[in-house]
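Working notes for the structure below.
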Amino acid sequence: MKCKTFRYFCLFTSLCVFLASGCGTTQKKDEKSAQADELRQEEKEMPKPLSAEVKQEEKKPRVNLVSTDRTEKTGEKKQVAMLLPPPPFLYQKQHSGKLPELILKPEPVPEAKSFWQSENTTQSNHLKSIAVAAQHYYDTLGEQQGWISKNGRMYSYLQHIYMTTDKLVISGYLGSGLPASEYDILLLRGSDLAKYPGAEVSEADSGFGVFAVAQQSDGRYLLASPRGKAGMLSQKDYAALLNSYGQKHGTPLRLSSTSAEYGRILSFLGLYEGGLEEYFVREIWKDNKYAVVTFSGKSNTAEVKQHILQNDNNFWEVVYPNAQTWYDATCHINQKLPDFNFELLPNYSIGAVAAGIQAGNAEIVQALVSAGYVADSSQIYYQCVYQNYGYVVTSNGARYVAYKDQGRWKLLHVASDYEARNFIESRTGQDYSFIILDD
C-alpha cells in the first residue's frame with residue numbers, strides 16, 4: 001500500500017513540475033513576442049535610410065554662389081564661393097540600447113526684428129549702424145582728410161563739408177536706405193553728452209568719438225554711439241550741447257608786437273617754457289578764448305615751436321603745446337580742444353616744413369657782406385632760411401629778404417615783415433611767415 005501511495009506521489013510531483021515548466025516557457029515566449037512587436041513598431045516610425053546616392057552627396061562640400069560680400073573701399077558687391085557643411089542630418093546614438101534616433105539640427109537663421117520691437121528700438125539700431133560706419137571712416141581717414149568736430153558735427157576742414165549718410169554710402173562704409181536729411185552725425189566727447197538729462201553714456205563712450213542722432217516725432221533727439229543707444233535729449237538740451245562746441249569766440253586778430261596783450265602772452269609762455277631765454281616770435285593770433293604763438297628761442301631760429309594758450313579770467317595758460325610735432329595738427333588739436341577756432345592757425349604747418357628750416361646760410365651772409373650791408377656775421381641780429389628764401393634783420397634794424405635767383409642769392413631791402421611776407425608770397429603763392437621775424 002505504501003509503495004502504491006509513493007508511486008502516486010511521484011507521478012503527481014512530475015506532473016506539477018511539467019506544468020510549471022510549460023508556463024515559464026510560455027511567459028518567455030510572450031515577453032520575446034512583445035519585444036519583437038515593439039522593435040517592429042520603432043522600425044516603422046524610423047524614416048527610411050538615406051540612399052547611397054544621397055550619402056555620397058553628403059561627402060562632397062556644397063558651394064553657395066549666392067552669398068555676397070561688400071568690398072571695404074569701393075562698396076561694390078561681389079560673389080563669394082563659400083564652402084558649406086554637409087546637410088544637417090546627424091545621427092546621435094542613445095545609451096538605452098534602442099536603435100539610433102534621427103536628430104534634425106536646424107540651420108541658423110538670419111537675425112530679424114521681432115514683432116514686438118518698438119520703432120524706437122529699430123531707429124536705435126539704424127543710428128548704431130551709422131555711428132559704427134562714421135567712426136570707422138574717422139579712424140581711417142580722419143587725419144588725412146581733415147575731419148574735425150565743427151560746432152559738434154563731423155566736418156571736413158579740408159573739403160568744407162559735413163559728414164552725412166550719403167557720404168558714408170558713396171565711400172562704401174554704409175549700406176543705402178538711410179536718408180541724410182533724417183540723421184545728424186556728431187563728433188564730441190561722451191562725457192560732455194553725459195551731463196544732460198536723458199543721456200545714457202557708458203564709460204567706454206565717455207571719450208572723443210562719433211554719435212548719430214535722429215529727431216523723434218515728439219521733438220526729442222535720440223542718440224547712439226557705435227556701441228548702442230546713448231540717450232534721448234530734449235530740443236533745448238540738444239541745442240545747448242551743440243552750442244557748447246561753438247568755435248566762434250570773437251574775431252580772430254593778429255596781435256601787434258607793441259600791444260600790452262602781446263607782452264602778457266609772452267610772459268605766460270615763458271612760465272610754461274620754464275627758461276630765461278628770450279624769444280623770436282613769428283606771429284601771435286588770438287580771439288577771446290584762445291591764442292596761437294609761433295616762435296623760436298633766440299639761440300636757434302630753426303627750432304620753431306607752436307603753442308596754443310587759453311584765456312581763463314585774464315590768465316593765459318598753455319593748453320596745447322608743441323603743435324609743430326604733427327605734420328598736420330588739425331585733428332589732434334580738435335580732439336583736445338573741439339571748440340578751438342581754426343582761423344587762428346597760420347596758413348602753414350610747422351610740422352610739414354620743420355625739416356627744411358635753417359638757422360642761417362653762409363652764402364646769404366656773404367651776399368650781405370659783398371653788398372656792404374654788414375661787415376661780418378656778428379652784425380646779424382636775426383636770420384632764418386627755408387629752401388630758396390631767407391629773412392635777415394641786422395643789428396641796426398635793417399630788414400632784408402634773401403632769395404635765390406638762377407643759383408645766386410639776391411637781397412631785397414624791405415620796410416616791414418608785412419612787405420617781406422607779401423614779396424615771397426607773390427613769387428611762391430605760399431605763406432613763409434614761419435621764417436619772418438614779427439616786427
Side-chain angles (χ1 to χ4, degrees), residues 143 146 148-152 157 187-189 191-192 208 243-354 357 382 384 417-418 421 431 433-439:
E143 185 172 358
I148 63 171
S149 173
K150 183 176 182 180
N151 302 321
Y157 181 71
L187 189 59
L188 43 78
R189 297 191 196 98
S191 57
D192 291 335
F208 189 78
N243 288 337
S244 68
Y245 280 76
Q247 296 177 343
K248 294 294 184 180
H249 310 290
T251 304
L253 299 171
R254 183 182 175 188
L255 289 180
S256 167
S257 59
T258 61
S259 68
E261 194 71 351
Y262 191 100
R264 278 170 42 80
I265 289 175
L266 287 184
S267 297
F268 286 103
L269 182 69
L271 292 175
Y272 176 82
E273 288 287 307
L276 300 176
E277 183 179 16
E278 295 183 350
Y279 306 109
F280 280 140
V281 177
R282 308 312 197 266
E283 54 188 324
I284 298 178
W285 285 83
K286 70 170 285 293
D287 59 15
N288 295 335
K289 185 172 184 178
Y290 294 106
V292 178
V293 184
T294 305
F295 68 102
S296 71
K298 286 190 173 182
S299 62
N300 184 2
T301 59
E303 190 177 343
V304 182
K305 297 182 180 181
Q306 197 170 70
H307 292 349
I308 298 176
L309 295 82
Q310 181 176 335
N311 190 332
D312 185 11
N313 294 323
N314 282 331
F315 287 92
W316 288 98
E317 177 187 6
V318 175
V319 291
Y320 194 96
N322 300 313
Q324 78 282 350
T325 58
W326 302 102
Y327 185 88
D328 184 354
T330 305
C331 288
H332 303 280
I333 294 172
N334 184 248
Q335 291 172 5
K336 180 71 180 296
L337 308 171
D339 66 336
F340 174 81
N341 187 352
F342 285 95
E343 293 181 20
L344 295 174
L345 288 181
N347 297 321
Y348 51 78
S349 165
I350 297 297
V353 301
I357 301 177
Y382 171 87
C384 191
D417 58 338
Y418 282 97
R421 181 179 298 105
D431 188 348
S433 298
F434 52 90
I435 66 170
I436 299 174
L437 183 64
D438 196 3
D439 283 344

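Heads up: numbering here begins at 1 and tracks the sequence.
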message: Could you work out, with ring-ring contact (aromatic ring centres under 6.0 Å, His included) as the rule, every residue matching Tyr418, not counting sequence neighbours?
response: none
query: ring-ring contact (aromatic ring centres under 6.0 Å, His included) with Trp326: which residues, sequence neighbours excluded?
result: His332
- request: To the nearest 0.5 Å, tell me how far Ser296 OG sits from Ile435 CD1.
  value: 12.0 Å
Distance-only criterion, 3.5 Å: show the donor-acceptor pairs between side-chain atoms of residues 256-267 and protein atoms not counting sequence neighbours.
residue	atom	partner	partner atom	Å
Ser256	OG	Thr258	N	3.2
Ser256	OG	Thr258	OG1	2.8
Ser257	OG	Asp439	O	2.2
Ser259	OG	Ser256	O	2.9
Ser259	OG	Tyr262	N	3.3
Glu261	OE1	Arg264	NE	3.1
Glu261	OE2	Trp316	NE1	2.8
Tyr262	OH	Asp438	OD2	3.1
Arg264	NH2	Asn314	O	2.3
Ser267	OG	Gly263	O	3.0

- request: Supply the atom-to-atom distance Lys286 NZ to Thr251 OG1, rounded to the nearest 0.5 angstrom.
  value: 10.0 Å
query: Could you walk me through whether His307 and Asn322 pass the side-chain contact (heavy atoms from CB on, under 4.5 Å) check?
result: CA-CA 5 Å; His307 292 349; Asn322 300 313; 3.1 Å; yes
- prompt: In Å and rounded to the nearest 0.5 Å, what is the CG to CG distance from Asn288 to Asn341?
  reply: 11.0 Å
query: Is Asp287 reaching over with its side chain to a backbone N or O of Gly250, donor-acceptor style, under 3.5 angstrom?
result: no
- prompt: Can you find a heavy atom in the side chain of Ile333 that is under 4.5 Å from one in the side chain of Leu345?
  reply: yes
query: If you measure from CD on Gln247 to CD1 on Ile148, what distance do you get to the nearest 0.5 Å?
result: 5.5 Å
task: Under the salt bridge (Lys or Arg N to Asp or Glu O under 4.0 Å) rule, collect the residues that match up with Asp192, sequence neighbours excluded.
output: Arg189, Lys195
message: If the condition is ring-ring contact (aromatic ring centres under 6.0 Å, His included), which residues does Tyr348 pass it with, not counting sequence neighbours?
response: Phe434
query: Which heavy atom of Leu309 sits nearest a heavy atom of Val293, and at what distance?
result: CD1-CG2, 3.8 Å
field: Those residues that, when tested against Ala302, pass side chain to side chain contact (heavy atoms under 4.5 Å, CB included) (two or more places apart)
entry: Asn300, Ile357, Ala359
message: In the structure I gave you, are the side-chain heavy atoms of Leu187 and Phe208 within less than 4.5 Å of one another anywhere?
response: yes
- request: Apply side-chain hydrogen bond (donor to acceptor under 3.5 Å, both in side chains) to Asp431 and list each qualifying residue two or more places apart in sequence or on a separate chain.
  value: Ser433
message: Suppose the criterion is salt bridge (charged side-chain N to carboxylate O under 4.0 Å, His left out): which pairs have a residue in residues 335-350, not counting sequence neighbours?
response: Lys248-Glu343, Lys289-Asp339
Thr330: side-chain hydrogen bond (donor to acceptor under 3.5 Å, both in side chains) partners, not counting sequence neighbours: Asp328
message: Applying side-chain hydrogen bond (donor to acceptor under 3.5 Å, both in side chains), can you list everything that pairs with Thr301, at least two apart in sequence or on another chain?
response: none
- prompt: ring-ring contact (aromatic ring centres under 6.0 Å, His included) with Tyr245: which residues, sequence neighbours excluded?
  reply: none
- request: Please report the shortest heavy-atom distance between Gln324 and Ile350, naming the atom on each side.
  value: CB-CG2, 3.3 Å
field: Tyr290 side, atom OH; Phe340 side, atom CZ - distance, nearest 0.5 Å
entry: 8.0 Å
message: Per the salt bridge (charged side-chain N to carboxylate O under 4.0 Å, His left out) rule, what does the pair list look like for residues 302-314, sequence neighbours excluded?
response: Glu273-Lys305
Separation of Gln306 CD from Arg282 CZ (nearest 0.5 Å): 11.5 Å
